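Following: one structure in structure tokens, then a few remarks.
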Amino acid sequence: MRPLTEDDVRAVFVNAGPDDLRLVSVPADFMLTDWDHLDFFAWRDPRNRGRGYVIAEVDGRPTGVVLRASEGSSRARSAMCNLCHTMQPADQVALFTARKAGTAGSLGDSIGTYICRDLSCHENVRLAAPLAPSEIRASVDMKIDGTRRRIEAFVERVLEGAAA
């Protein structure tokens, strides 16, 4: 991923209004980010745990999405993240929703998916061993590529129907 400044980060969100952009808080270690080793950039808001952010390169451009995390918890024992396909204890996976970009988002349309609660998918796919006994061991490169494709597809779904 190409390096971004804090101003760049605020400029790439496609589903955020001016009020949302004012609330964006970058992680405390933002200046230490190793952009050369990121497939996408994701973090939970340090000031508002109900918010998260994802920035992925779509068509060669960084594109950001503001996420909202559900507050509820699951009764399941384990759950799978739909981005990194990692099995986690159920309390470590949350439903995240994103308002769609453009008019659809203004009308209240949103999409959602289950994602690692701490948005650590980038690190999880780089672990060589499976995280759960029922997880199928795939090559790390395959997991990385799959996660990148799924995060880009999620961002593209947020963009669907928005004016170019």
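Throughout, numbering of the chain's residues begins at 1 and tracks the sequence. These numbers were taken from a predicted model, which means no experiment stands behind them.
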Hydrophobic cluster mates of F13, side-chain heavy atoms under 4.5 angstrom, ILVMFWY only, any path?
-> M1, L4, V9, V12, L21, V24, V26, F30, M31, W35, L38, F41, W43, Y53, I55, V66
Which other residues end up in the same hydrophobic cluster as V93, if Ile, Leu, Val, Met, Phe, Trp and Tyr are linked when side-chain heavy atoms come under 4.5 Å apart?
-> L95, Y114
How far apart are the C-alpha atoms of I115 and C121, what are their side-chain angles, what is the distance that settles it, and do they pass the side-chain contact (heavy atoms from CB on, under 4.5 Å) test?
-> CA-CA 8 Å; I115 306 174; C121 300; 3.9 Å; yes
Please walk me through it: do K143 and H85 pass side-chain contact (heavy atoms from CB on, under 4.5 Å)?
-> CA-CA 8 Å; K143 289 181 83 170; H85 285 185; 6.0 Å; no
Apply side-chain contact (heavy atoms from CB on, under 4.5 Å) to R126 and D39, showing your working.
-> CA-CA 11 Å; R126 283 164 169 74; D39 306 305; 2.7 Å; yes
How close do [X] and [Y] get, heavy atom to heavy atom, and via which atoms?
| X | Y | value |
| --- | --- | --- |
| G64 | N15 | O-OD1, 4.2 Å |
| R99 | A16 | NH2-CA, 3.7 Å |
| E71 | G50 | OE2-CA, 4.3 Å |
| C116 | N124 | SG-ND2, 3.3 Å |

Quick one: side chain to side chain donor-acceptor pair (under 3.5 Å) partners of R47, sequence neighbours excluded?
->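 With neighbours one apart ignored, the set is S25.
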Go through the structure and list residues passing side chain to side chain donor-acceptor pair (under 3.5 Å) with E156, not counting sequence neighbours.
-> none
Between R22 and D19, is the closest basic N to carboxylate O distance under 4.0 Å?
->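 Salt bridge present between D19 and R22.
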Between E152 and R148, does at least one N-O distance fall below 4.0 Å, as a salt bridge requires?
->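 Looking at R148 together with E152, the answer is yes, because their closest N to O distance falls below 4.0 Å.
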With the side chain counted from C-beta on, respond yes when I111 and V158 share a heavy-atom pair under 4.5 Å apart, and no when they do not.
->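 Heavy-atom side-chain distance check passes, below 4.5 Å.
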Determine, step by step, whether L119 and L67 satisfy the side-chain contact (heavy atoms from CB on, under 4.5 Å) criterion, reporting the C-alpha distance in whole Å, the side-chain angles of both residues, the deciding distance to 0.1 Å, and the verdict.
-> CA-CA 11 Å; L119 298 175; L67 303 169; 4.2 Å; yes
Donor-acceptor contact present, side-chain [X] to main-chain [Y], <3.5 Å:
| X | Y | result |
| --- | --- | --- |
| R150 | L83 | yes |
| D20 | G17 | yes |
| H122 | H37 | yes |

Intermediate values then yes/no, salt bridge (Lys or Arg N to Asp or Glu O under 4.0 Å), E6 and R10 = CA-CA 6 Å; E6 191 171 338; R10 291 180 191 286; 3.0 Å; yes
So how far is it from [X] [atom1] to [Y] [atom2], rounded to the nearest 0.5 Å?
| X | Y | atom1 | atom2 | value |
| --- | --- | --- | --- | --- |
| F154 | L159 | CZ | CG | 11.0 Å |
| E57 | T63 | CD | OG1 | 8.5 Å |
| C81 | Q88 | SG | CD | 7.5 Å |
| R2 | R61 | CZ | CZ | 10.0 Å |
| L23 | N48 | CG | CG | 7.5 Å |

Take atom CG in D59; do more than 12 heavy atoms of anything else shown fall under 6.0 Å from it?
-> no
Applying side-chain contact (heavy atoms from CB on, under 4.5 Å) to E123 and not counting sequence neighbours gives S120
Please list all pairs passing the side chain to side chain donor-acceptor pair (under 3.5 Å) test where one or both residues lie in residues 101-111, with sequence neighbours left out.
->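 Side chain to side chain donor-acceptor pair (under 3.5 Å) check on residues 101-111 returns no pairs.
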